[in-house]
Participant: 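Take a look at this one; I'll ask things after.
Proteins get letters first, then strands, A, B, ... in listed order; numbering begins at 1 in each. Hydrogens, waters and symmetry mates are skipped; everything else that's a heavy atom, side chains included, is used.
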Amino acid sequence: MIDPQLLRTDIQTVAEALKLKGHSLDVDAYQVLESKRKSLQVEAESLQAQRNAKSKEIGKVKAQGGDASGIMAEVNGFAERMKTAQTELEAVKEQLFAMTDVMPNMPHTSVPKGNSEDDNVEVAKWGTPPNFDFDVRDHVDLGEAKSALDFEMATKIAGPRFVVMRGQLAKLNRALIQYMLDMHTQNHGYEEVYVPYLVTQESLIGTGQFSKFGDHDLFATQAEDGYYLIPTAEVPVTNIVRDEILAADQLPMKLVAHTPCFRREAGSYGRDTRGMIRQHQFEKVELVQIVKPEDSYDALEELTGHAEAVLQGLELPYRKVVLCGGDLGFSAAKTYDLEVWLPGQDAYREISSCSNFESFQARRLGARYRVEQKKTELVHTLNGSGLAVGRTLLAILENYQQADGSVVVPEALRSYMGGVELILN
RNA sequence: GGAGAGGUGGCAGAGCGGCUGAAUGCACCGGUCUUGAAAACCGGCAAGGGUUAAUAGCCCUUCGUGGGUUCAAAUCCCACCCUCUCCGCCA
């Protein structure tokens, strides 16, 4: 949610910033509504103030045993007028909300211009893609050869975009989760949290995944329950601070959670249909930080570094890009994507997305902290994948593959794999 | 699932339909005292919103949520949600 105060005082700046995200803001329409809101609200509130004053008078007169019928007659007509003013005000507010609710967050000034992912800017590259002196296989061929990945079976059970992992790969999956959680809790200062995988609509609205108007990428339970499966741990974890006023010394709050994530992928028919790149259900270790506003950009660099540390620990080549305005998500002010090298695709593919939302989520969430005795201020929220586990697993298969189709276990994972150095052999 | 109790400020806990945005205690902040601290004493201390140059005033809203009764609701009525206790069931 964009600061309504800013929309009143400097809507041009907002309109300019939103243009970078491809959102055109109807400034005139907004200002017309806003001035209506102002006069209606002033009117409605002054009617209420008058009524309150009169009612108090009645109370006083009656307490003294006097006759209050005169004042009561005077106040009688108020109810109706108040109701009309109230109704009109609500209507205008709703129209304003319809406009602000679909406004994305403003990009940070450091965000490059651009319309699509082609305009994202590479800011760093780490490691070198391996050279193979044999025909490279992708993770599907590698996994299916030993029945350690079984897409057909998953389709039988649940339909397309699911996978069954068996034996060593199921264990590798678990090893990766442990490795990531241990690294973030032991080296990076995060507190591990376990959270619900089903959440309410309210929680989704808080983090911006659910808009009344936009479509969403969510699985839902039957209407009577009203639950949604989480598309990312960002939702339950960030909602920890919803409607809270935190003490300054609670910040920064650094949380890490491993959860499965569920997405319909409704808009991506035909895209990434092969393999584990895009699934309805996948595992992710998510980093979340709740920080003071002045610290959020340092925190973004730090948090991105924490995700990079996992890739470096696993010795997977990757590059870091900063998303251009047009490719930025709805709620984000700035995002770094980490893209891991996938020999099977001969390309870098996203494996982590680290974003600063500034106060955009916090405003919806009502997440504040106490600056001084009497003052509260919205916090800034950030999150990033550290990392997407399924994609990490397939990156390992493809980068560590051998001529015979076996796969070397990265050193960092061996203690989590019971000392095994080679799998799919 | 059945029976009962309850949801009030950071916490605990009062609150006859008007003088209660809310007693009191704790916590917290400021001060006096003290070499310093503690104790004691004095003062302050909810959030959101509007108006405004203003973090000054003034005003509105909020006592689980939503509706209703009334000139007036934390207080009365209805529905829902949640919590706790007991019983049943269950990993």
Participant: Report yes or no: do A:S147 and A:R166 form a side-chain donor-acceptor pair below 3.5 Å?
Facilitator: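 There is no such pair between these side chains.
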Participant: At less than 4.0 Å, is any side-chain N or O atom of A:Q5 found next to OP1 or OP2 of B:G50? Yes or no.
Facilitator: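 Checking A:Q5 against B:G50: at least one side-chain N or O falls below 4.0 Å of OP1 or OP2.
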Participant: Which pairs with one or both residues in residues 12-21 of chain A pass side chain to side chain donor-acceptor pair (under 3.5 Å), sequence neighbours excluded?
Facilitator: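 Found A:D10-A:T13, A:E16-A:K19.
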Participant: Applying ring-ring contact (aromatic ring centres under 6.0 Å, His included), name anything that partners A:F282, two or more places apart in sequence or on another chain.
Facilitator: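 With sequence neighbours excluded, A:F282 shows a ring-ring contact (aromatic ring centres under 6.0 Å, His included) to no residue whatsoever.
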Participant: Could you check whether atom NZ of A:K36 has more than 12 heavy atoms from other residues, nucleotides or ligands sitting under 6.0 Å from it?
Facilitator: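 Count not over threshold, so no.
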Participant: Go through the structure and list residues passing salt bridge (charged side-chain N to carboxylate O under 4.0 Å, His left out) with A:R51, not counting sequence neighbours.
Facilitator: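 With sequence neighbours excluded, A:R51 shows a salt bridge (charged side-chain N to carboxylate O under 4.0 Å, His left out) to no residue whatsoever.
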Participant: Tell me, please, which residues at least two apart from A:F262 pass ring-ring contact (aromatic ring centres under 6.0 Å, His included).
Facilitator: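 ring-ring contact (aromatic ring centres under 6.0 Å, His included) list for A:F262, sorted by chain: empty.
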Participant: Can you check each nucleotide of nucleotides 61-79 of chain B against protein heavy atoms at under 4.0 Å and return B for base, S for sugar-phosphate only, - for none, in 5' to 3' order?
Facilitator: S---------BS-------
Participant: Taking only residues two or more places apart in sequence, or in another chain, which ones meet A:E301 in a side chain to side chain donor-acceptor pair (under 3.5 Å)?
Facilitator: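 Per chain and number, A:E301 pairs via side chain to side chain donor-acceptor pair (under 3.5 Å) with A:Y336.
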Participant: Nearest-nucleotide wise, let me know which of A:P4 and A:Q50 is further upstream toward the 5' end of RNA chain B.
Facilitator: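 Between the two, 5'-proximity favours A:P4.
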Participant: Expected output is a numbered-order residue list: members of residues 28-47 of chain A with a heavy atom under 4.0 Å from any atom of RNA chain B. What is it?
Facilitator: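 Within residues 28-47 of chain A, the residues near RNA chain B are A:R37, A:K38, A:Q41, A:E45.
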Participant: Give a yes or no on this: more than 12 heavy atoms of other residues, nucleotides or ligands lie within 6.0 Å of atom CD of A:E152.
Facilitator: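 Check fails, neighbour count at 12 or below.
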Participant: So which protein nitrogen or oxygen atoms get under 3.5 Å of nucleotides 7-11 of chain B's nitrogens or oxygens?
Facilitator:
none

Participant: Please work out whether the ring planes of A:F360 and A:F330 are parallel, tilted or perpendicular, with thresholds of 30° and 60°.
Facilitator: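 A:F360 vs A:F330 ring planes: perpendicular.
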Participant: What residues from residues 236-244 of chain A pass a heavy-atom cutoff of under 4.0 Å to RNA chain B?
Facilitator: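 Correct list: empty, so none.
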Participant: What pairs meet the side chain to side chain donor-acceptor pair (under 3.5 Å) rule with one or both residues in residues 409-425 of chain A, with sequence neighbours excluded?
Facilitator: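 Qualifying pairs: A:D182-A:Y416.
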Participant: Going by the side chain to side chain donor-acceptor pair (under 3.5 Å) test, which pairs reach into residues 282-291 of chain A, not counting sequence neighbours?
Facilitator: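 Those involving residues 282-291 of chain A are A:Y190-A:Q289, A:T232-A:K284, A:H258-A:E283, A:K284-A:E286, A:Q289-A:E302.
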Participant: Test of understanding: with salt bridge (charged side-chain N to carboxylate O under 4.0 Å, His left out), list the residues that count as partners of A:R161, not counting sequence neighbours.
Facilitator: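 Per chain and number, A:R161 pairs via salt bridge (charged side-chain N to carboxylate O under 4.0 Å, His left out) with no residue.
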